[in-house]
Chemist: 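Mind having a look at this structure? Questions to follow.
Heads up: numbering here begins at 1 and tracks the sequence.
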Amino acid sequence: MLLSIALGQVLALLLCGIRLTSKYLSEDFHANTPLFQSFLNYILLFLVYTTTLAVRQGEENLLAILKRRWWKYMFLGIIDIEATYLVVKAHQYTTFISIQLLNCFVIPVVILLSWFFLLVRYKVLHFIGAVACILGIGCMAGADVLMGRQQKEDFFPGDSKLIGDVLVLGGATLYGISSVCQEYIVRNLSRIELLGMIGLFGSFFSGIQLAIMEHKELLKVPWDWQIGLLYVGFTACMFGLYSFLPVVIKKTSATAINLSTLTAELYTFFCGLFLFHYKFSGLYLLSFGTILVGLVLYFSTTTYVAQDPRVYKQFRNPSGPVVELPSSAQLEPSVTYTSLGQETEEEPHVRVA
């Protein structure tokens, strides 16, 4: 449980670094280039992981993977790009408080998709923990309002705020879809394949979108060594997040990841106390404590995977012959309880007829 929480907080700290560098770029240097920033990350993923796939032999080679699953990874790459773009774009239309709260919509999206497509089943403690984490974010948003931590641009007209809120909900939905897809891939295929394909299609489509929508903003950037260093820092944090995320998902789950990274907002605030001279309130500590309690409750018990009882199964003993189920046998509904944590021993092989 402690290891799972610690791994999630590493991701939250990387996300905090991403937000701090983005804040410096946009507010201090007026470099509003979210597509270019994402493009740099996808290019780095391409250089590291896609080239690794290219030099592999056999069925794990880049061309062999593209022949079998190219269109699936293409859609995943587009979803990953647009999820980030919609949330960043929403900052131009709605308040920071609304974005904080509506971003929590990703949690029910991930839970529902995991339930129906990954057949993950949750216990009461999981739902209690998730609700506690969301309450912690609500407490932080309330503290922001009371302390006046709002930008001047936060006072938008009603129609503009509606557009921004819809963009946030759309981005949160796409984030949820991307998280569940990544969990499926790292559990059934490989982490290198996932990152290599995201690097390939992400760099291609983000490059096209960058050339169409952001080339003028890129020309306005006042380039100097400070801006270059911020871009390097952003790309390093983003690359670390993408590279480490599949490792943590395989040891926990997509739902656990999205709950754990809620603390990133608080890490950003705590850094802002020194960097941006934010005003402190005890509500922020209450918010942080509430989220941690929610995480402890969530990780205190394991989820389980329900297997479809209609699937006709053949079980094979690793040291013996294949045992066929008789055709006249009545199939009983069954639920297989498995921890989504690290496996400690090899499980029997299962062949689906």
Chemist: By the rule that ILVMFWY residues connect when side-chain heavy atoms come within less than 4.5 angstrom, directly or transitively, which residues belong alongside Leu135?
Modeler: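 So far as hydrophobic clustering goes, Leu135 is joined with Val131.
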Chemist: Taking Val10 as the starting point, is it possible to reach Leu20 by hopping between hydrophobic residues whose side chains are less than 4.5 Å apart?
Modeler: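 Linked, Leu20 and Val10 end up in one cluster.
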Chemist: Please tell me if the side chains of Met213 and Tyr85 come closer than 4.5 Å, counting only heavy atoms from C-beta onward.
Modeler: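 SC-SC contact between Met213 and Tyr85 confirmed.
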Chemist: Look at the side chain of Asn61 and the backbone N and O of Val55, then say whether any donor-acceptor pair between them is shorter than 3.5 Å.
Modeler: no
Chemist: Donor-acceptor pairs under 3.5 angstrom involving side-chain atoms of residues 11-18: please list them, not counting sequence neighbours.
Modeler:
none

Chemist: Do any N or O atoms from the side chain of Asn258 and from the backbone of Ala254 form a donor-acceptor pair under 3.5 angstrom?
Modeler: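 Side chain of Asn258 to backbone of Ala254, a donor-acceptor pair under 3.5 Å: yes, one is there.
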Chemist: Start with the C-alpha gap between Lys251 and Val248, add the side-chain angles, then the distance that decides, and say whether side chain to side chain contact (heavy atoms under 4.5 Å, CB included) holds.
Modeler: CA-CA 5 Å; Lys251 291 183 177 295; Val248 184; 5.7 Å; no
Chemist: Tell me every residue that passes side chain to side chain donor-acceptor pair (under 3.5 Å) with Tyr49, counting only those two or more places apart in sequence or in another chain.
Modeler: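 So Tyr49 forms a side chain to side chain donor-acceptor pair (under 3.5 Å) with Arg191, Ser243.
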Chemist: Please name all residues satisfying salt bridge (charged side-chain N to carboxylate O under 4.0 Å, His left out) with Glu193, sequence neighbours left out, ordered by chain then number.
Modeler: Arg69
Chemist: Using links of under 4.5 Å between side-chain heavy atoms of ILVMFWY residues, direct or through other members, which residues join Leu297 in one cluster?
Modeler: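 Listed partners: Val124, Leu125, Ile128, Val293.
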Chemist: Looking at Thr263 and Ser260, what are the two nearest heavy atoms and their distance?
Modeler: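 Heavy atoms of Thr263 and Ser260 come nearest at OG1-O, 3.0 Å.
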Chemist: Is the closest side-chain heavy-atom distance between Leu62 and Met197 below 4.5 Å?
Modeler: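 With C-beta onward as the side chain, the pair touches.
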Chemist: Decide yes or no for Leu66 and Leu200: does some side-chain heavy atom of the first lie under 4.5 Å from some side-chain heavy atom of the second?
Modeler: yes
Chemist: Which value, rounded to the nearest 0.5 Å, describes the distance between Leu162 atom CG and Leu167 atom CG?
Modeler: 9.5 Å
Chemist: Taking the side chain as every heavy atom from C-beta outward, state whether Leu25 and Gln37 have any atom pair closer than 4.5 Å.
Modeler: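 Of all side-chain heavy-atom pairs linking Gln37 with Leu25, at least one is under 4.5 Å.
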Chemist: Filter on ring pair (Phe, Tyr, Trp, His ring centres under 6.0 Å), then keep only pairs touching residues 97-129, sequence neighbours left out; what's left?
Modeler: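 As it turns out, the ring pair (Phe, Tyr, Trp, His ring centres under 6.0 Å) pairs with a partner in residues 97-129, which skip direct neighbours, are Tyr122-His126, Tyr122-Phe127, His126-Tyr298.
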Chemist: Check for a donor-acceptor pair, side chain of Arg19 on one end and backbone N or O of Tyr267 on the other, with a separation under 3.5 Å.
Modeler: no
Chemist: Could you tell me whether a side-chain N or O of Thr290 sits under 3.5 Å from a main-chain N or O of Leu286, the two making a donor and an acceptor?
Modeler: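 Confirmed, Thr290 side chain pairs with Leu286 backbone.
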Chemist: Within the structure provided, determine whether Tyr284 and Leu273 are in side-chain contact (heavy-atom separation under 4.5 Å).
Modeler: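 The answer is no; the side chains never approach within 4.5 Å.
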Chemist: When you measure from the side chain of Ser178 to the backbone of Leu174, do you find a donor-acceptor pair of N or O atoms at a distance under 3.5 Å?
Modeler: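 It does not hold such a pair.
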Chemist: Sequence neighbours left out, what pairs pass side-chain hydrogen bond (donor to acceptor under 3.5 Å, both in side chains) with at least one residue falling in residues 129-138?
Modeler: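 side-chain hydrogen bond (donor to acceptor under 3.5 Å, both in side chains) check on residues 129-138 returns no pairs.
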Chemist: Taking it one step at a time, do Met238 and Leu44 satisfy side chain to side chain contact (heavy atoms under 4.5 Å, CB included)?
Modeler: CA-CA 10 Å; Met238 185 70 89; Leu44 193 54; over 6 Å; no
Chemist: What residues, two or more places apart in sequence or in another chain, satisfy ring pair (Phe, Tyr, Trp, His ring centres under 6.0 Å) together with Phe280?
Modeler: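 Partners of Phe280 by the ring pair (Phe, Tyr, Trp, His ring centres under 6.0 Å) criterion come out as none, since no residue qualifies.
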Chemist: Testing the basics here: between Cys133 and Leu262, what is the closest heavy-atom pair and its distance to 0.1 Å?
Modeler: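 For Cys133 and Leu262, the tightest heavy-atom pair comes out as CB-CD1, 3.7 Å.
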Chemist: Using a 4.5 Å cut-off between side-chain heavy atoms of Ile, Leu, Val, Met, Phe, Trp and Tyr, which other residues end up in the same hydrophobic cluster as Leu229?
Modeler: Trp225
Chemist: Please list all pairs meeting ring pair (Phe, Tyr, Trp, His ring centres under 6.0 Å) that have one or both residues in residues 189-214, counting only residues at least two apart or in different chains.
Modeler: none
Chemist: Evaluate the side-chain proximity of Glu214 to Gln209: yes if any heavy-atom separation is below 4.5 Å, no if none is.
Modeler: no
Chemist: Working to the nearest 0.5 Å, report the span between OG of Ser253 and CG of Leu118.
Modeler: 9.5 Å
Chemist: Leu194 versus Leu189: any side-chain heavy-atom pair under 4.5 Å?
Modeler: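 In short, these two side chains do not touch, never coming nearer than 4.5 Å.
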Chemist: Consider only side-chain N and O atoms of Glu183 and Ser179, and report whether a donor and an acceptor are under 3.5 Å apart.
Modeler: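 No - no donor-acceptor pair under 3.5 Å links their side chains.
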Chemist: Quick one: do Val232 and Ile43 end up in the same hydrophobic cluster if we chain Ile, Leu, Val, Met, Phe, Trp and Tyr together by side-chain heavy atoms under 4.5 Å apart?
Modeler: no
Chemist: Which pair of heavy atoms, one from Gly199 and one from Thr50, lies closest together, and at what distance?
Modeler: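 Minimum heavy-atom contact is C-OG1, 4.0 Å.
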Chemist: Under 4.5 Å between side-chain heavy atoms, hopping through other hydrophobics if needed: is there a path connecting Ile81 to Leu47?
Modeler: yes
Chemist: Step by step, would you call Met140 with Phe288 a side chain to side chain contact (heavy atoms under 4.5 Å, CB included)?
Modeler: CA-CA 8 Å; Met140 181 181 64; Phe288 187 69; over 6 Å; no
Chemist: Find out if a path of hydrophobic residues (ILVMFWY) with successive side-chain heavy-atom gaps under 4.5 Å connects Ile79 to Tyr42.
Modeler: yes
Chemist: Is there any ring pair (Phe, Tyr, Trp, His ring centres under 6.0 Å) pair reaching into residues 9-39, and which pairs are they, with sequence neighbours excluded?
Modeler: Tyr24-Phe276, Phe36-Tyr231
Chemist: Does any pair with a residue in residues 46-58 pass salt bridge (Lys or Arg N to Asp or Glu O under 4.0 Å), and if so which ones, sequence neighbours excluded?
Modeler: Arg56-Glu60
Chemist: With side chain to side chain contact (heavy atoms under 4.5 Å, CB included) as the criterion, how do Phe269 and Ser281 come out once you've worked through the C-alpha distance, each side chain's angles and the decisive distance to 0.1 Å?
Modeler: CA-CA 11 Å; Phe269 167 76; Ser281 170; over 6 Å; no
Chemist: When you compare the side chain of Tyr73 with that of Ile185, does any pair of heavy atoms fall below 4.5 Å?
Modeler: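 Side-chain contact under 4.5 Å: yes.
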Chemist: Can Tyr184 be reached from Leu245 by stepping across I, L, V, M, F, W or Y side chains whose heavy atoms are under 4.5 Å apart?
Modeler: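 Yes, one cluster joins them.
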